[in-house]
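Just below is one structure, and these are the notes that go with it.
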Amino acid sequence: MELFEVKILELPKEEILHTIVTRIENEEKTFLVTANALIMLRAAKDDAYKSVIKSADYVVPDGFGIHLVGKIKLRRDIPRYPGIDMVKDLIEIGKNRNWKFYFLGAEEKVVNKMYEIYKDMINVVGYHHGYFTGDGPVEEIRSLKPDIIFVAMGAPKQEFWIWRNINKFEKGLFMGVGGSFDVLSGMKKRAPEWMVNMGLEWAYRFIQSPSKRWKVPFQITEFLFRALFYKGENKR
Ligand code: UDP
């Protein structure tokens, strides 16, 4: 699907995963965006961010909003692949392949916890919190040569960081994973499955921190309007 000039993948999640795994094995550098309504809305309104998203190798539909637009507008079932599920799948596969992982982002105590949880399961070569000045631990990551770099600094920060720095690395999957570390470390709860399936994950997160996320319901509404009235080519 093409939306706001961004090409969004329309493939079963197994196929997406297979493609990514093959690229990691071949040491092909990859920039992957997991797109939801808020990311797409920002891309529609901010040209700089749109160029960043368009420069990604893959834009995977993470959120229910994109699925809904596909259904109403194109009458197609665009399979969702939530970023946090892809993170879990890659960890599972990476276990047996001795891939090197680097965790970048979230608060220090959260990313420390991530390391503690995963260090015996997978090869975590390094980690760093996401509150740094400049571009942070780029040199360290360069020298460690990880196969996968999860960047958990929220949108748009994580995508801008990847876009600014990806050329400095020889290989690796660079993937923005939003608040995934908060959930995987056990610091925050993910929405229950029925809410995820009904497309209400945003509402669950909204209830968790309404003062921080008061704009979200308006942004989702704006995304739906803009997307439904968007006149693109809508090719697959
Ligand atoms: N975060 C970060 N650096 C920042 C801002 C945010 O590492 O400068 C982290 C934050 O601690 C959280 C994650 O980014 O773990 C996602 O933040 P948020 O929930 O605001 O973003 P979203 O998941 O909605 O993209």
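All heavy atoms count here, side chains included; hydrogens, waters and symmetry mates do not. Every number for a ligand or one of its atoms is a count from 1 in the order of the listing. Because the structure is predicted, anything quoted here is derived from the model rather than measured.
By the neighbour-count criterion of 12 heavy atoms within 6.0 Å, atom CZ of F225 is sparsely surrounded, having that number or fewer from other residues, nucleotides or ligands. No more than 12 heavy-atom neighbours from other residues, nucleotides or ligands sit within 6.0 angstrom of CZ on R142. More than 12 non-hydrogen atoms from other residues, nucleotides or ligands lie less than 6.0 angstrom from NZ of K168.
Residues with a heavy atom under 4.0 Å from ligand 1: G105, A106, E107, G130, Y131, A152, M153, G154, A155, K157, G178, G179, D182, R205, K212, R213.
A centroid separation of 6.0 Å or more is found between the aromatic rings of Y115 and F103. If you look at F150 and F174, their ring centroids are not closer than 6.0 Å.
Using modelled atom types, one side-chain atom of R80 and one backbone atom of D62 make a donor-acceptor pair closer than 3.5 Å.
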